[in-house]
Amino acid sequence: MSLALRVFCSVLLQTVHAASKDIPPPSAAPSNADDECSVANGGAGCDQDHVPLMQLKSKHVMEGAHHATSGSWTDYLSRVTQSGGSRSQEGRSTSQYEECHLKESKCPMSAMGGKPTLVYPGGATRCINGDAYAFAVVPGDTDKLLFYFEGGGACWEAKGNVVLQCTDSIASGIATTGLGSGIQDRSNENNPLRSYTVVEAIYCAGDAFMGTMEQNWTGSTYYQYGYHNAVATIDWAKENIVGQLSSLVIAGYSAGS
């Protein structure tokens with residue numbers, strides 16, 4: 001593994017771990033305006049005019065992006081997920097990615113055949129709704145790495161007010177990875193990152209990759225294990241991105257930035 005990647009992984013983990021300890025709990029309940037997004041109010045009335053700018057969407061998502069200006073983030077995710085192609089029984093997208101499970105193999109990039117692949121690490125990783133977690137790998141130049149943190153809103157509780165405006169399942173996380181567009185558009189000659197290997201920490205825990213615990217909100221259990229999800233993604237990259245990197249790019253959007 002290159003020195004640059006080793007330093008990046010070390011600094012990133014220390015920073016995220018420190019941030020997760022330092023963030024104080026909410027000191028007050030949301031205002032009435034904020035409550036429009038709460039569970040009690042059904043998540044209605046949220047102004048989401050900024051949603052189309054929050055992420056790099058894959059081509060099938062772009063077709064309906066203009067509809068995202070009305071309704072809530074979760075409404076938008078519902079539309080995106082429904083348009084994302086077929087699903088396996090576990091709710092995964094089967095149209096764009098291959099799959100690999102670390103409980104069955106080490107999922108080396110050399111075995112991916114150049115195909116975009118979802119890697120399921122198992123262990124302590126999980127999405128907020130309990131889904132098995134996966135990160136995405138798009139093989140490319142072995143000496144160029146784009147490490148990408150997907151975003152997707154936030155879910156939290158403040159004095160009895162529960163706000164669920166985050167990507168809350170692996171299916172929704174897969175549907176919004178941005179594969180095939182923006183900096184992941186390999187057909188665009190003007191994209192300077194088109195040939196890079198992409199390792200993407202998919203976002204589905206609603207905690208900005210800092211959570212390490214289960215939450216019990218209004219009698220329901222939510223798994224905010226985003227820190228473990230990020231660590232699993234980084235660990236795979238450390239083991240599989242070998243040799244000297246000529247370029248390392250770290251990027252993300254929204255909660256992943």
Side-chain angles (χ1 to χ4, degrees), residues 1-19 53-59 61-62 93 96-102 105-121 123 125 133-152 173-174 176-203 208-210 226-257:
M1 180 177 62
S2 71
L3 177 60
L5 182 57
R6 189 183 302 276
V7 171
F8 153 65
C9 293
S10 176
V11 172
L12 177 67
L13 290 178
Q14 292 178 35
T15 302
V16 172
H17 185 64
L53 302 179
M54 290 178 64
Q55 63 194 41
L56 293 167
K57 293 171 279 293
S58 53
K59 293 178 181 177
V61 177
M62 289 294 290
S93 171
Q96 300 186 82
Y97 292 96
E98 302 294 321
E99 295 183 4
C100 188
H101 298 258
L102 288 182
S105 75
K106 292 186 177 181
C107 300
M109 192 162 61
S110 59
M112 295 179 182
K115 298 178 181 179
T117 300
L118 297 171
V119 178
Y120 288 80
T125 65
Y133 178 75
F135 56 88
V137 179
V138 184
D141 292 343
T142 57
D143 66 329
K144 298 174 183 177
L145 173 64
L146 168 60
F147 198 100
Y148 192 69
F149 289 92
E150 184 183 27
I174 294 168
T176 54
T177 57
L179 179 65
S181 66
I183 58 176
Q184 294 192 53
D185 184 353
R186 295 184 180 275
S187 64
N188 183 357
E189 294 183 357
N190 294 319
N191 174 16
L193 306 179
R194 64 184 181 278
S195 67
Y196 278 53
T197 289
V198 180
V199 176
E200 179 171 0
I202 290 177
Y203 185 74
F209 293 108
M210 293 188 289
Y227 176 78
H228 299 305
N229 299 345
V231 169
T233 309
I234 292 168
D235 285 346
W236 182 92
K238 288 165 62 178
E239 183 173 345
N240 288 274
I241 307 299
V242 297
Q244 184 68 35
L245 289 177
S246 64
S247 180
L248 170 62
V249 176
I250 306 166
Y253 73 86
S254 187
S257 61

Does the side-chain contact (heavy atoms from CB on, under 4.5 Å) test come out yes or no for Y196 and N191, once each step is laid out? CA-CA 10 Å; Y196 278 53; N191 174 16; over 6 Å; no

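- With sequence neighbours excluded, the residues that form a side chain to side chain contact (heavy atoms under 4.5 Å, CB included) with C100 are S105, C107, T117.
- In summary, the aromatic rings of Y203 and F149 are positioned with their centroids too far apart to meet the 6.0 Å limit.
- With sequence neighbours excluded, the residues forming a side chain to side chain contact (heavy atoms under 4.5 Å, CB included) with A251 are L146, Y148, I183, listed by chain and number.
- The two atoms that bring W236 and K106 nearest to each other are NE1-O, 3.7 Å, heavy atoms only.
- For E239 against V242, the heavy-atom pair with the smallest separation is O-CG1, 3.8 Å.
- For P121 against L102, the heavy-atom pair with the smallest separation is CA-CD1, 3.5 Å.
- Of the inter-residue distances, the one linking I241 atom CD1 with I234 atom CD1 reads 12.5 Å to the nearest 0.5 angstrom.
- Closest approach of E200 and E150 over heavy atoms only: OE2-CB, 3.5 Å.
- For the residue pair A230 and F209, the shortest heavy atom distance occurs at CB-CD2, 3.9 Å.
- A distance of 7.0 Å separates CD1 in I174 from CD in E99, rounded to the nearest 0.5 Å.
- The two atoms that bring P116 and Q96 nearest to each other are CB-O, 3.8 Å, heavy atoms only.
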For V199 and M109, run side-chain contact (heavy atoms from CB on, under 4.5 Å): C-alpha distance rounded to whole Å, both residues' side-chain angles, the deciding distance at 0.1 Å, then the answer. CA-CA 11 Å; V199 176; M109 192 162 61; over 6 Å; no

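- Evaluation of the side-chain hydrogen bond (donor to acceptor under 3.5 Å, both in side chains) test over residues 133-144, restricted to residues two or more places apart or in two chains, returns D141-S195, D143-S246.
- Side chain of T233 to main chain of N229: a donor-acceptor pair is present (N/O by atom type, distance under 3.5 Å, no hydrogens or angles).
- Side-chain contact between F135 and T125 is absent, with no heavy-atom pair separated by less than 4.5 Å.
- Side-chain atoms of Q184 never come within 3.5 Å of backbone atoms of V138 as a donor-acceptor pair (strictly under, hydrogens ignored).
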